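Next up is a structure, given as structure tokens.
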Amino acid sequence: MVNDPFRAVAHPIRRRMIERLGNGPATVGEVTSDLGVSKSAITKHLKILEDSGVVVRKVVGRTHRLALNPAALVDAVGWVDRQRALWERMFDTVEGYLADKEQTTVTDTTTRSTAVRIERTYRASADVLFDAWTNPEVIKKWWHAGPDWETAEAAVDLRVGGRIRVVMRDTDGIEYTATGVYTVIERPSRLGWIWHGEDGESGTGSRCDLEIVEHDGVTSVVLTHHGLPDQHSAAEFREGWGLCLDNLDKVITP
């Protein structure tokens with residue numbers, strides 16, 4: 001067993017499992033329900049938590065119960081405490097960075113749905129940005145939710161009613177599949193699609209709109225993800241899209 005608490009908390013799915021166990025021991029089903037990923041992915045995430053020593057399992061008959069082992073997180077907590085002063089000095093810089101990204105979350109009180117809006121600007125043409133979102137070979141270079149992840153597969157049927165399919169793979173080898181059905185295709189200024197994640201994933205059936213506007217050699221891209229069920233789902237998609245677009249920044253601006 002390798003005690004690596006940083007790896008244990010590195011993924012949002014594992015952090016949600018740890019948060020649930022913060023209320024006390026629970027069955028595997030209680031800890032892993034409604035996480036929106038496949039059973040094989042759940043198994044891999046649990047193995048990482050157990051291998052790191054952060055989570056321990058006790059089997060009584062057919063019941064598997066999980067519990068936190070706080071001692072395994074001591075190193076991570078100590079590191080965070082040592083970095084706290086540095087982070088506080090960096091907060092102003094981070095705040096300015098987020099303002100530049102113009103990431104916002106808006107709740108529609110009429111429908112009780114939530115939308116995420118992210119805007120980025122690039123020194124590239126609208127055609128280049130449109131291709132980045134629709135060319136499978138370019139998509140493989142950036143459409144993954146982490147700087148060290150990879151896009152294992154990308155397929156695009158670029159027509160209204162056609163499908164887009166992206167398979168992301170994280171550093172632990174766990175794959176996440178996202179698909180969509182195109183509703184709007186207006187080269188090079190607009191794309192729209194209905195989002196479908198893995199079975200049971202929060203946000204399935206929501207809508208994505210992409211607007212691309214070029215002016216004087218600078219292109220603005222606005223991604224709006226509508227119809228998310230709650231603030232928690234919106235926060236996860238905002239983080240995921242933000243990481244993907246960080247990758248796109250590097251592809252568009254070598």
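In what follows, residues are counted from 1 in the order of the sequence shown. Every value quoted in this text rests on a predicted model; they were computed, and no experiment measured them.
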Taking every heavy atom of A26 against every heavy atom of V31, the minimum-distance pair comes out as CB-CG2, 3.8 Å

Is the ring pair Y176/H11 parallel, tilted or perpendicular, if the boundaries are 30 and 60 degrees?
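The arrangement is parallel - the two ring planes meet at less than 30°.
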
Taking every heavy atom of P147 against every heavy atom of K250, the minimum-distance pair comes out as CB-NZ, 4.3 Å

Within the distance-only criterion (no hydrogens, no angle test), does the side chain of S233 pair as donor or acceptor with the backbone N or O of P229 below 3.5 angstrom?
no

With a 4.5 Å limit on heavy-atom distance, are the side chains of R117 and V222 in contact?
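Yes, at least one pair of side-chain atoms sits under 4.5 Å.
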
Heavy-atom nearest pair, L223 first then C208, reads CD1-CB, 4.4 Å

As a quick check of understanding, evaluate salt bridge (Lys or Arg N to Asp or Glu O under 4.0 Å) for R187 and D131, giving each step before the final call.
CA-CA 9 Å; R187 183 184 182 92; D131 286 340; 2.9 Å; yes

Carboxylate-amine/guanidinium proximity below 4.0 Å for R15 and E239
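Judged by the 4.0 Å cut-off on N to carboxylate O distance, R15 and E239 do form a salt bridge.
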
How about N69 and V55: do any of their side-chain heavy atoms sit closer than 4.5 Å?
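No. Closest side-chain heavy atoms not under 4.5 Å.
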
Contact between I48 and R7 at the side-chain level, heavy atoms closer than 4.5 Å - yes or no?
yes

Is the closest side-chain heavy-atom distance between D127 and L129 below 4.5 Å?
no

So, do V54 and I18 sit near enough that their side-chain heavy atoms are less than 4.5 Å apart?
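Result yes, sub-4.5 Å side-chain heavy-atom pair found.
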
Side-chain H-bond candidate by donor/acceptor type, H225 with S206, under 3.5 Å:
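Yes.
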
Which residue, L210, V184, T183, forms the side-chain contact (heavy atoms from CB on, under 4.5 Å) with L191?
L210

Between the side chains of S220 and E119, is a donor N or O closer than 3.5 angstrom to an acceptor N or O?
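Indeed, the side chains of S220 and E119 share at least one donor-acceptor pair under 3.5 Å.
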
Main-chain N/O of G217 paired with R123 side-chain donor or acceptor, under 3.5 Å:
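No; zero donor-acceptor contacts below 3.5 Å.
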
Where do A234 and T114 come nearest, in terms of heavy atoms and distance?
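For A234 versus T114, the nearest heavy atoms are CB-CG2, 3.6 Å.
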
Check the pair T32 / M17 against side chain to side chain contact (heavy atoms under 4.5 Å, CB included), numbers first and verdict last.
CA-CA 7 Å; T32 62; M17 292 179 180; 3.9 Å; yes

For residues W149 and W143, establish whether the separation of their ring centroids is below 6.0 Å.
no

Non-hydrogen side-chain atoms of R20 and L35 separated by less than 4.5 Å:
yes

Any salt bridge between E175 and R169, counting N to O under 4.0 Å?
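Looking at R169 together with E175, the answer is yes, because their closest N to O distance falls below 4.0 Å.
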
Is T177 reaching over with its side chain to a backbone N or O of V167, donor-acceptor style, under 3.5 angstrom?
no

Check for me whether the distance between the ring centres of W241 and W142 falls short of 6.0 Å.
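For W241 and W142, the ring centres are not under 6.0 Å apart.
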
Answer yes or no: is there a side-chain heavy-atom contact under 4.5 Å between Y182 and I194?
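Heavy-atom side-chain distance check fails, nothing below 4.5 Å.
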
Please examine the side chains of L46 and R57, heavy atoms only from C-beta on, and report whether any two atoms are closer than 4.5 Å.
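Touching, per the 4.5 Å side-chain cut-off.
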
Under a 3.5 Å distance rule, please check whether E30 uses its side chain to pair with a backbone N or O of T27 as donor and acceptor.
yes

Exercise: identify the closest heavy-atom pair between Y122 and V221:
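For Y122 versus V221, the nearest heavy atoms are CE1-CG2, 3.8 Å.
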
Looking at I174, is its backbone amide N or carbonyl O close enough to the side chain of D172 to form a donor-acceptor pair, meaning the two atoms are under 3.5 Å apart?
no

Mark yes or no for whether R14, through its side chain, and A8, through its backbone, hold a donor-acceptor pair below 3.5 Å.
yes

Counting only heavy atoms not in K141, do more than 12 fall under 6.0 Å of its NZ?
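Counting neighbours around NZ of K141, 12 or fewer heavy atoms of other residues, nucleotides or ligands fall under 6.0 Å, so no.
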
Determine the minimum heavy-atom distance between N247 and H144, stating which atoms define it.
ND2-O, 2.7 Å

L49 backbone acceptor or donor facing S52 side chain under 3.5 Å:
yes

Ignoring hydrogens and geometry, is there a side-chain-to-backbone donor-acceptor pair from D148 to D170 under 3.5 Å?
no

